[in-house]
**Q** 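Here's a structure for you.
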Amino acid sequence: MSEEKINTVTTKNDFKSALRNVDIKDDDTVLVHTALSKFYYVPNGPETIVEALKEAVPNGTIMMPSQVSTNCDPATWEYPPVQKSLIQVVKDAMPPYNPTTSMTEGLGVTPEYFRTLPDVVRSTHPYLPIAIWGKNKVKIAQNQPLNIPYGIDSPLDYLYQNNGKTIFLGTDYETCTVLHYAESTIGRKTETCSAATSLDESGKTIWTEYQNIDMDSYDDFNELGTEFEAKHPSAIKKVKLNNGVIKVINVKPLIDFARKWFTKKDNNHSI
């Protein structure tokens, strides 16, 4: 821990009170994004946040993105890139996706803690799985398609169809995974991707190809979010908690807006 004195503490009850203030109901279906550092010192960190969420929606469903960001073709890596002569070595040695053991990468400590819990299941996609707790978790996890993994029949589709909400715990639209559902359902061009999925008899990794939209070329989620909030203020509730803002957004109006926004942008029309 840092030597700096702790002078602000955010407790489980603080989170629960804040979630009530932004109209989270006990049977809500929610997709959660977290930035733990925004809330200064949180006793037991991720455990406290997860327990607050469970107690806030005891009869509902909690989802968190649980991507395995290294489970993609190493020839495409940039941070850092792989020396060309070693690309096949990396591919042959890459462990295949295992819902139980493959670590969540690049999303912070809370999603990784969440996916390890014994009452949480993880969806089937080898690169873009979702960790799920609560109502219908097994059904939701089993249905994620290999192709267009954030599209129709994915956990994000379930969120949309069941009037779900997305929760930003100190984050912003840049982290808003559900916006990929909007991108995935408007006919955007797809590309061929691959992920490590199993082992052959010799122990060499088998890579499986799938189709997905290009999720990296666009950097406009915060821009979209600003326009959405200006036009649909009733779809958002937020509350300040120490240095962070907890924001709850109704998914259906967000997705309906985002589909039109992305389509107009793709067609080079003014938005």
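Heavy-atom basis, side chains included; hydrogens, waters and symmetry copies ignored.
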**Q** Of all residues at least two apart in sequence or in a different chain, which pass the ring pair (Phe, Tyr, Trp, His ring centres under 6.0 Å) check with H33?
**A** none

**Q** Verify the neighbour count for atom NZ of K38: are there more than 12 heavy atoms of other residues, nucleotides or ligands below 6.0 Å?
**A** no

**Q** Show your reasoning for whether side chain to side chain contact (heavy atoms under 4.5 Å, CB included) applies to I130 and Y150.
**A** CA-CA 10 Å; I130 302 286; Y150 281 160; 4.0 Å; yes

**Q** For residues H125 and Y210, establish whether the separation of their ring centroids is below 6.0 Å.
**A** yes

**Q** For F228 together with F257, are the ring centres under 6.0 Å from each other?
**A** yes

**Q** Do L107 and L117 land in one hydrophobic cluster if side-chain heavy atoms of ILVMFWY residues count as linked below 4.5 Å?
**A** no

**Q** Are F15 and F39 an aromatic pair, judged by ring center distance below 6.0 Å?
**A** yes

**Q** Check this for me: does any side-chain nitrogen of one of D220 and K265 sit under 4.0 Å from a carboxylate oxygen of the other?
**A** yes

**Q** What pairs with Y113 under ring pair (Phe, Tyr, Trp, His ring centres under 6.0 Å), at least two apart in sequence or on another chain?
**A** none

**Q** If we ignore angles and hydrogens, is there a donor and acceptor under 3.5 Å between the side chains of T76 and D73?
**A** no

**Q** Taking all atoms of both residues into account, what is the closest heavy-atom pair of P126 and V68, and its distance?
**A** O-CB, 3.9 Å

**Q** Can you confirm whether the side chains of Q67 and T104 place a donor and an acceptor under 3.5 Å from each other?
**A** no

**Q** Does the side chain of N13 pick up a donor-acceptor pair with the side chain of T11 at under 3.5 Å?
**A** no

**Q** Where do D157 and G151 come nearest, in terms of heavy atoms and distance?
**A** CB-O, 3.5 Å

**Q** Which heavy atom of A196 sits nearest to which heavy atom of P95, and what is that distance?
**A** CB-O, 3.9 Å

**Q** Kindly indicate, with the supporting measurements, whether the criterion salt bridge (charged side-chain N to carboxylate O under 4.0 Å, His left out) is fulfilled by K137 and D119.
**A** CA-CA 10 Å; K137 63 184 180 181; D119 54 356; 5.9 Å; no

**Q** Any luck finding a side-chain donor-acceptor pair between E105 and T70 under 3.5 Å?
**A** yes

**Q** Ignoring hydrogens and angles, write down the donor-acceptor pairs under 3.5 Å from the side chains of residues 232-243, residues two or more places apart or on other chains.
**A**
| residue | atom | partner | partner atom | Å |
| --- | --- | --- | --- | --- |
| K240 | NZ | N242 | O | 2.5 |
| N242 | ND2 | T10 | OG1 | 2.4 |

**Q** Compute whether any side-chain donor of one residue and acceptor of the other, for S66 and R122, lie under 3.5 angstrom apart.
**A** yes

**Q** Under the salt bridge (Lys or Arg N to Asp or Glu O under 4.0 Å) rule, collect the residues that match up with K247, sequence neighbours excluded.
**A** E229

**Q** Mind checking what makes side chain to side chain donor-acceptor pair (under 3.5 Å) contact with K12, not counting sequence neighbours?
**A** E55

**Q** Quick one: CD1 on I62 to OG1 on T29, what's the gap to the nearest 0.5 Å?
**A** 10.0 Å

**Q** Please give me the minimum heavy-atom distance between T177 and P65, naming the atom from each residue.
**A** OG1-CG, 3.3 Å

**Q** Tell me the closest heavy-atom pair linking V50 and T110, and the distance in Å.
**A** CG2-CG2, 4.2 Å

**Q** For the CD1 atom of I255 and the CG atom of L156, what is their distance to the nearest 0.5 Å?
**A** 8.0 Å

**Q** Show, in sequence, the C-alpha distance, side-chain angles and deciding distance for D214 and T190, and conclude whether the side chain to side chain contact (heavy atoms under 4.5 Å, CB included) test is met.
**A** CA-CA 6 Å; D214 180 355; T190 65; over 6 Å; no

**Q** Going by distance alone, is a donor N or O of one side chain under 3.5 Å from an acceptor N or O of the other, for N136 and Y158?
**A** yes

**Q** Tell me whether the rings of Y181 and Y160 are parallel (<30°), tilted (30 to 60°) or perpendicular (>60°).
**A** tilted

**Q** Who pairs with K25 by side chain to side chain donor-acceptor pair (under 3.5 Å), at least two apart in sequence or on another chain?
**A** D23

**Q** Check step by step if side chain to side chain contact (heavy atoms under 4.5 Å, CB included) holds for D266 and R188.
**A** CA-CA 9 Å; D266 290 350; R188 273 187 165 172; 2.8 Å; yes

**Q** Output, in order, the C-alpha distance, side-chain angles, deciding distance and verdict of side chain to side chain contact (heavy atoms under 4.5 Å, CB included) for Y173 and E223.
**A** CA-CA 8 Å; Y173 285 89; E223 180 186 354; over 6 Å; no

**Q** Whether K135 and D27 form a salt bridge (side-chain N of Lys/Arg under 4.0 Å from carboxylate O of Asp/Glu) is what I want to check.
**A** no

